[in-house]
Amino acid sequence: MDNPRHFVLVHGACHGAWCWYKVVALLQSSGHKVTALDMAASGIHPKQVHELDSITDYYEPLIEFVRSLPQDERVILVGHSSGGIGISMAMELFPKKIAVAVFVASIVPSPDLGFVTINKEDLSLATLLQRPTRTFGDQELLQKKTNVTNENYGIVAKVCIVCQQDKLLKYDFQLSMAERNSKNDVKVIPDADHMPMFSKPQELFAYLQEIAEIYY
């Protein structure tokens with residue numbers, strides 16, 4: 001590929017970088033650069049869940065990775081499920097380093113819909129190869145750390161990939177979150193469940209390719 005893109009993949013709660021293995025292989029075989037990160041106390045990250053004091057601790061690997069990128073490098077951030085919170089935090093801190101953010105079957109905050117509000121939904125967690133996760137109880141601090149603004153988060157292009165057969169984040173709920181954001185596009189995988197990287201990796205890969213061509 002003459003102009004390879006750099007994809008940064010962020011997993012959801014209880015999972016790790018391992019869950020992207022099919023998508024990583026497809027992207028790399030097409031010539032793209034791919035970084036799949038383990039969040040703190042996830043995957044093979046050495047920390048344990050009881051060592052995390054805040055959501056900032058949990059997403060530190062992502063934030064430090066984006067911070068370390070060369071000033072002129074822009075990446076495509078892809079967040080699955082609750083990973084949408086992490087990529088939103090990175091968008092708010094480093095909007096000029098992100099070509100487009102892709103929310104896959106994901107929580108999608110907006111300047112008028114914060115994570116604390118969304119988190120009141122009764123969400124179950126996928127369990128395959130899981131490690132424990134935790135909720136962070138200080139609601140005021142959580143709101144502050146995950147708050148997004150029109151000035152930073154709002155200027156980054158966003159694409160929501162909605163899984164129509166998702167039993168965790170219902171189809172209509174995903175659409176309602178997507179509609180609260182400007183500068184976004186919505187793509188649907190009709191027969192995908194909450195884990196399209198397993199159930200529909202080719203379709204997810206095709207959308208990521210298309211997004212890269214349009215937004216990068």
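Given the structure is predicted, the values throughout are model-derived calculations rather than measurements.
Side-chain contact check for Arg5 versus Lys33: every heavy-atom pair is 4.5 Å or farther apart. With a 4.5 Å cut-off on side-chain heavy atoms, Tyr207 and Ile189 count as touching. Under the 4.5 Å side-chain criterion, counting only non-hydrogen atoms from C-beta, Val10 is in contact with Met39. Side-chain atoms of Val104 and Pro196, non-hydrogen and from C-beta on, do get closer than 4.5 Å to each other. Here the side chains of Met89 and Ile85 are in contact, with some heavy-atom distance below 4.5 Å. Leu168 has its side chain out of reach of Asp193: every pair of non-hydrogen atoms, C-beta onward, lies at least 4.5 Å apart. Two residues are said to be in side-chain contact when any heavy atoms from C-beta on lie closer than 4.5 Å; Val102 and Ile76 meet this criterion. In this structure the side chain of Ile161 never reaches within 4.5 angstrom of the side chain of Phe103, judged on heavy atoms.
Minimum interatomic distance between Arg74 and Ile98 (heavy atoms only, all atoms of both residues): NH2-O, 3.6 Å. Across every non-hydrogen atom of Lys22 and Met197, the tightest pair is CD-O, 3.7 Å. Nearest approach of Pro61 to Ala40, heavy atoms of both residues: CG-N, 3.6 Å. Between Gln174 and Asp166, the shortest heavy-atom contact is NE2-OD2, 3.1 Å. Nearest heavy atoms, Ser30 versus Phe205: OG-CZ, 3.1 Å. Here the closest heavy-atom approach between residue Thr35 and residue His6 is recorded as OG1-NE2, 2.8 Å.
Between the side chains of Gln164 and Asp191, no donor N or O sits under 3.5 Å from an acceptor N or O. Remark: the Gln209 side chain and the His32 side chain contain an N/O donor-acceptor pair separated by less than 3.5 Å.
Without hydrogens or angle criteria, Asp38 side chain to Ala17 main chain gives a donor-acceptor distance under 3.5 Å. Between the side chain of His11 and the backbone N or O of Ser42 there is no donor-acceptor pair closer than 3.5 Å. The main-chain N or O of Val156 is found under 3.5 Å from a side-chain atom of Lys158 such that the two form a donor-acceptor pair. Judged by distance alone, with hydrogens and angles left aside, the side-chain atoms of Tyr215 form no donor-acceptor pair with the main-chain N or O of Ala101 at under 3.5 Å. Looking at Ser106, its side chain does come within 3.5 Å of a backbone N or O of Ser81 through a donor-acceptor pair. In this structure, Lys97 contributes its side chain and Leu69 its backbone to a donor-acceptor pair below 3.5 Å. Between the side chain of His15 and the main chain of Ala13, a donor-acceptor pair closer than 3.5 Å is present.
Hydrophobic clustering of Ile, Leu, Val, Met, Phe, Trp and Tyr side chains at less than 4.5 Å, counting indirect connections, unites Val24 with Tyr216. A continuous path of hydrophobic side-chain contacts links Leu93 to Ile87 [ILVMFWY only; heavy atoms under 4.5 Å]. A continuous path of ILVMFWY side-chain contacts below 4.5 Å connects Ile214 to Val100, so both sit in one hydrophobic cluster. Val162 and Val78 are not part of a single hydrophobic cluster, where members link through side-chain heavy atoms under 4.5 Å apart. Grouping the Ile, Leu, Val, Met, Phe, Trp and Tyr side chains by contacts below 4.5 angstrom, directly or via other members, places Leu26 with Phe198.
Taken from OG in Ser68 to CD1 in Ile63, the straight-line distance is 11.0 Å, to the nearest 0.5 Å. Rounding to the nearest 0.5 Å places SG of Cys163 at 10.5 Å from CD of Glu203.
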Could you walk me through whether Phe65 and Arg67 satisfy the side chain to side chain contact (heavy atoms under 4.5 Å, CB included) test, starting with their C-alpha distance in whole Å, then the side-chain angles of each, then the deciding distance to 0.1 Å, before giving a yes or no? CA-CA 5 Å; Phe65 178 81; Arg67 191 192 310 277; over 6 Å; no
Decide yes or no on side chain to side chain contact (heavy atoms under 4.5 Å, CB included) for His194 and Leu169, but give the supporting numbers first. CA-CA 7 Å; His194 186 64; Leu169 294 177; 4.0 Å; yes
Report the C-alpha distance between Val159 and Val186 in whole Å, list the side-chain angles of each, state the deciding distance to 0.1 Å, and finish with yes or no for side chain to side chain contact (heavy atoms under 4.5 Å, CB included). CA-CA 6 Å; Val159 180; Val186 177; over 6 Å; no
Applying side chain to side chain contact (heavy atoms under 4.5 Å, CB included), run through Leu37 and Val8 and close with a yes or a no. CA-CA 7 Å; Leu37 296 168; Val8 178; 3.9 Å; yes
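Classification of the Trp20-His80 ring pair by plane angle, with boundaries at 30° and 60°, yields perpendicular.
With sequence neighbours excluded, the residues that form a side-chain contact (heavy atoms from CB on, under 4.5 Å) with Glu92 are Val148, Thr149, Asn152, Tyr153.
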